[in-house]
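Okay, structure first, notes after.
Every heavy atom of this structure was used, including side-chain atoms; hydrogens, water molecules and symmetry mates were not. Quick note on labels: first sequence line is chain A, next is B, and so on, each numbered from 1.
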Amino acid sequence: MNALPAPESLTSPHVPETVGPVDVIIDQAGKTFQTARGPVRALDPISLKIPRGAFVALIGPSGCGKSTLLRMIAGLEQPDEGGAVLVRSKHPEQFRKEGELGIAFQDPALLPWRSVADNVAFPLQILGRPVKRHQATVQSLIELVGLKGYEQALPGQLSGGMRQRVAIARSLVTDPSVLLLDEPFGALDQILRRAMNVELQRIWAARQTTTLLVTHGIDEAVFLADTVVVMHAKPGRIAEIITVPFARPRLPSLFSSPDFHALCDRLTESLHGEDGSQ
Amino acid sequence: MNALPAPESLTSPHVPETVGPVDVIIDQAGKTFQTARGPVRALDPISLKIPRGAFVALIGPSGCGKSTLLRMIAGLEQPDEGGAVLVRSKHPEQFRKEGELGIAFQDPALLPWRSVADNVAFPLQILGRPVKRHQATVQSLIELVGLKGYEQALPGQLSGGMRQRVAIARSLVTDPSVLLLDEPFGALDQILRRAMNVELQRIWAARQTTTLLVTHGIDEAVFLADTVVVMHAKPGRIAEIITVPFARPRLPSLFSSPDFHALCDRLTESLHGEDGSQ
Amino acid sequence: AEAPLSFQSIWINDPEFIGYFIAIDKGWYKEGGLDLTYLPGGPDVIPQASLLTGKADIALTSLIETASAVSEKGATFKIIGAQFQKSPDSVISLEATGIKSIKDLVGKTVACPPLSLGTFKVLLGLNGVTEDQVKIVPYAFDPTPLATGQVDAVVDFMTSLPFIVEQTSGKKASYLLFYDFGLPFGQDLVTVNEETLKTRRKDIVAFMRASRKGWDEDFANPEKYTKEYENTWFKGNGYTPEAALFHSRIQVDLMKNPNGVFAMDDDWIEKNLATLDKVGVKADKSLFDTSILKEL
Amino acid sequence: MIAPSTRENARILFGTLIFFAVWEFIGATTSWGVAMVPAPSRILMQAFADRELYWLHGSATIQTSAIGFAIGVTVAVVAALLFCLSPGLELAFRGINIALFAMPAIVIGPLLVLFLKGDWPQTVLAALMVYFPAMSATLLGLRAVDPRIADLVAAYGGGEGKLMRYVRLRGALPDLFAGFRVAAPLAVLGAVLGEFGSGTRWGFGAFLLSALPQGNPARLWGIGLASSAIALAGYALFLLPARRLSASSTAVTLAAVQTAARSNGGWNWQRVTLAGVSVALPFVIWWLAVTLSHVSPIIAPGPGRTLMFLIEGRQAAGARAALLTALGQTLPIALLGLLAGLAFAFVLAALSLLAPAVARALLPIALVAQNMPLVAVVPFVVLVFGRDVTASVFMAMLVVFFPAYVLLHQGFTTVPRAASDLVSAYGGGRWKQLVHIAIPYSIGHLFAAARLVAPQALLGVMVAEWLLSGVGLGNLLNISRGGLDYDMIWAGALISILISVAAYEAVGFIERKVGR
Ligand SMILES: Nc1ncnc2c1ncn2[C@@H]1O[C@H](COP(=O)(O)OP(=O)(O)OP(=O)(O)O)[C@@H](O)[C@H]1O
Ligand SMILES: Nc1ncnc2c1ncn2[C@@H]1O[C@H](COP(=O)(O)OP(=O)(O)OP(=O)(O)O)[C@@H](O)[C@H]1O
Ligand SMILES: O=C([O-])O
Ligand SMILES: [Mg+2]
Ligand SMILES: [Mg+2]
């Protein structure tokens, strides 16, 4: 974990050699959407490397391309000509077939006809794994996100936050080694959010899951991540990459430490810098 | 605004007379959903009065019934037998027809085939108001939420936060006198969120709009509201009602005042008290 | 002005109705004081039904259906003339199959239009063939199954099919008339409602007169009009000129009668009644009204 | 490097060429080929020789089907709007709706010819064939409203009117166009069928009828292919707007609740009453029509006389026996045809997800086959399937699969991106998309398809019985019509309509069970 590359190497267009294996390589990947009103440039070509086991947080203003970047890593969007994305040295379409990818979209995207338990177990089915054998995992994840008793509820019978928690549980059910989370805690109250932060750290530490977390919570980003990637908008690009120095495991008490606040302020500033020269 | 009733009068099951007109009266309104797995009690019978022009924030853990309460005020859910909800002395179904209600749901729910501008203007059409004459309003709201240049974009071409902002603009387009907002800023980054907080306060102050805001941001609640209603879950109920004493207009600097932090901590505690005796 | 009169034909425009076309084109109906509307037939057109609804004043019908409508349904039809003295209904086969009598159908497959099924079975019975000795399948106007050997024989009019089969397959075809194998009856019977017969007698006579004139004209010049109508009355009806000529020629013998076309001699009426009796339809002489013919 | 799709297309092009080459070879060299499957070159040459006739007949058919389509679709859309606004009305009219659709052409054709003049019999037949599928699909689309949007409209005091105007109408467009895609070929089919029977001189139906006895298979095939092409043009016409619409019509995110396209309210007394009305209404209209038009009861017996025909009198037992025997022959085959048709439609729709290139190659063949006038393909069907059960099932399948395919395919294309993204992200391929997303998501379309084609299957078998097998209800009705036995015809029509209604309701019942 401490073998994180220096920020420069992360942004460098020519990705240099890093120490240890690299799980995600984004190389000059830009994204322009074709719309009826003409092309929309969502992302400038950006480069980024995420080492194995790293926890990277992605923050940036609304519409700066965070979700687009995440979707490119999942192989749901193709980078424009000239760019490439590799996950564990494979094309994302290849990699995701291995069942090592976990993902939670910005929208919970629960299948309305499936119960909570069946929604959580859905990735297992897609990967052709026997759901029966993983029933305990499913149940423990449902309990982890505080939905015990709602196993058989349908999405329409859940509150907004509960739906989001189902999506979190679902992203973890395959025991992924690369985890992509797009604002997974946006609809949760602060208490639950903190609790989920702690759980996520625990899961990440136990499995050394390479994690990319898109979040609007700067404190959340600092609490969880090794590296915070700050993006700016119009066009979407990486503005700064900041390494978080706090030791692991991080305890909730960190939230009230002055160093923590200082780093958060530093990040807020970096975010604000959007209108600056860069 | 300073004629706010004491917290007790708000929670009292027998709603006492208050000073000045009362916009929303919730009287012993509970909600039990019938599901295939049996009845689910979302809300214990609760009572609450919201005076004209008040800004009330609703906070509480995920699944405690905030959205349900809001939907009851909008007349989208009926309280169980024995309960009643009145808005400006009318049944919600009656009141909403007058076009004085503005609402933003937890899920943006945009019409996929309508552009941003047409989505924002949609409530005007439902109310039979000429859209042409309100074009300036629509445009200014789109700019207010930072979507200038996206007027003609379709929802499918927007980021999650952008869609939510369309929903915010839409909730304001009818110039409502009662405004219901269900976590409208959940998908926004902190900077935008703060900016929207300030805008919302400005709009509310200018129009004296009676506002009910469901939020997970305790700081947001304290910054904006006269009264914060804290709810607890299982079953959903009102745990405490706290009056916010800070003078108006409140400036962003308030966020860093110690009094502000103290009140936030007090609210956090109140939220935490969930497992307590009530 | 001429009196409007509508005439329901029994099939689409082909040489079978050329007499009426001649009379129309020559203006002979007009001369008789009639404003004639000619309604072509088709698979969905049931001429008797046109009479019943008043859509047509006069119709060409088939014997058995008309007789059973009278005896079983209480219709008040009168047959006032017979275009065909002998119905062209036949069993048609390739010569090579060796079917020279109805008896030869034993063990063969015959395609028969469902509408003619009852009559065909009676024909078999009259010739000592039982139903289970012949395999009967539906026939839908298409000669292909016969030409390709999917069936050994078909029940159809002999006015065009044998020629077409020979033309397309190069194999000789032959036919056995129902008329010659124990079931004599006429075809394209001129039929009216009893009521019309009473109220519009003059117009009906005028119609029959003009029509007979048309047919006589055709008989006198059997090829002329068939060729002439190739691009008018017959346009788009699918016939090759040769097939139309064949049709025109071969039908004449089935229609001609010394007493003029449409004649219904007593002997002929007896034969038809006997046939009706064999197929199990009750009928008597009153089905036919020869008085119009007498006025022509 | 060649893109895989290009290579796939090349392979399909190659396959198509092979197909035509084999056809040409068989059609030109084998004796049965010459007689029944004429070579494409021969068909083309004959068509060239007949070009003037094609123009005369073709313009008539196009005009008839266009007018019939316009009438049928207008009535369908208006009816769907009314039924959407008032579900009770839909229930009350269900009997009428199904009766209009399930009325065998063998029965309705002669009646139309009797009562209508000029081109109207075939025009009305086209309109009748169009109405029910267009209405069903439109209604399906109108009813499926994103519940989140419905809440929004309600919150601003909008009633059903506003919801209809701003949400339902636009939201229904893709389904409406799917309905049009089903309806356009049916309009052509109806027109051709009408022209075939009505004795009109112009139109492909008349062309076909006149060509049929002439033993000219090249012309027969040419006519069949040409009318099929007109039908396909109608289909394609409404494919284009549908393609453009679908992108902007599906929700970006997944709603947590799926709309029930059908109200699955319980059986309160009101529903029972309406169901009663639904059964009674066709009889009332029947009775009124017969009474007011003063038609001879020989041709148009009223409901009373028809029931009596089956119950009372000396011939009643015989009539019942005849009908029962016929039904015993017809129903099992209709059921088989329904299942086979649905299965084929499903496979084809599924292929459009699983192997789009294969679907693109198969679809035209399937659609041409479906739209070929049945009489023209009879010799070919007999050649391949003989005249027994398989042939009848095949004919029923031909009739059934197309509407089912269009609706299923439409359902599959309405899946929100969010749902398919989820499957993709876990490496799920097209198969998983189909099984886990497309099918459950479009379950409403699936059942709508089954409800729509249940009556069709019966009609398909009846046509086969009339043309091929000479047994069953189709044959009974055909024979009765020649014998002027309208009592039997109406009794047979009544029974086939009742069976269609029962099949329709049975599918609805299964749907409610599945939908909980
Ligand atoms: N399918 C699309 N077609 C056109 N433009 C798109 C599409 N998807 C995204 N965009 C545009 O790309 C930009 C980046 O979108 P993206 O969803 O990645 O933002 P984001 O950083 O995730 O924002 P948020 O925090 O609001 O979710 C936005 O300007 C958006 O309008
Ligand atoms: N339609 C429904 N059917 C059954 N149960 C429901 C339904 N809607 C809500 N509930 C239940 O009611 C409770 C309250 O839901 P509600 O949406 O009001 O919560 P909330 O306070 O808004 O939560 P969140 O902050 O997560 O949005 C939840 O336990 C939920 O499961
Ligand atoms: O879109 C189609 O129905 O082929
Ligand atoms: Mg996003
Ligand atoms: Mg909520």
Ring pair (Phe, Tyr, Trp, His ring centres under 6.0 Å) partners for Phe346(D), two or more places apart
none
Strictly below 4.0 Å, N to O, side chains only: are Arg71(B) and Asp182(B) in salt-bridge contact?
no
Region of Arg170(B) that comes under 4.5 Å of a non-hydrogen atom in chain D:
both
Region of Ile103(B) in contact with chain D, defined by heavy-atom distances below 4.5 Å
both
Taking the six-membered ring for Trp, are Tyr156(D) and Tyr166(D) closer than 6.0 Å centroid to centroid?
no
Non-hydrogen atoms of chain D under 4.5 Å away: do they reach the side chain of Leu101(B), the backbone, both or neither?
both
Out of Ala74(B), Gly156(B), Pro123(B), Gly99(B), which one racks up the most heavy-atom pairs below 4.5 Å with chain D?
Pro123(B)
For the residue pair Phe177(D) and Phe180(D), categorise the inter-ring angle as parallel (less than 30°), tilted (30 to 60°) or perpendicular (more than 60°).
perpendicular
Option in Pro155(B), Ala109(B), Pro92(B), Gly160(B) with maximal non-hydrogen atom pairs under 4.5 Å from chain D
Ala109(B)
Most heavy-atom pairs under 4.5 angstrom with chain D, which of Thr174(B), Leu127(B), Leu158(B), Leu111(B)?
Leu111(B)
Show the numbers, then the answer: is there a salt bridge (charged side-chain N to carboxylate O under 4.0 Å, His left out) between Arg168(D) and Glu160(D)?
CA-CA 9 Å; Arg168(D) 288 191 194 278; Glu160(D) 191 42 59; 2.8 Å; yes
Heavy-atom distances under 4.5 Å only: say whether Leu110(B) touches chain D with side chain, backbone, both or neither.
backbone
Among the listed options Arg148(D), Arg170(D), Arg165(D), the residue most often paired with chain B at heavy-atom distances under 4.5 Å
Arg170(D)
Do the side-chain N and O atoms of Arg181(D) and Gln410(D) include a donor-acceptor pair separated by under 3.5 angstrom?
yes
Would you confirm whether Gln125(B), through its side chain, and Val131(B), through its main-chain N or O, come within 3.5 Å as a donor-acceptor pair?
no
Part of Phe95(B) within contact of chain D (heavy atom distance under 4.5 Å):
neither
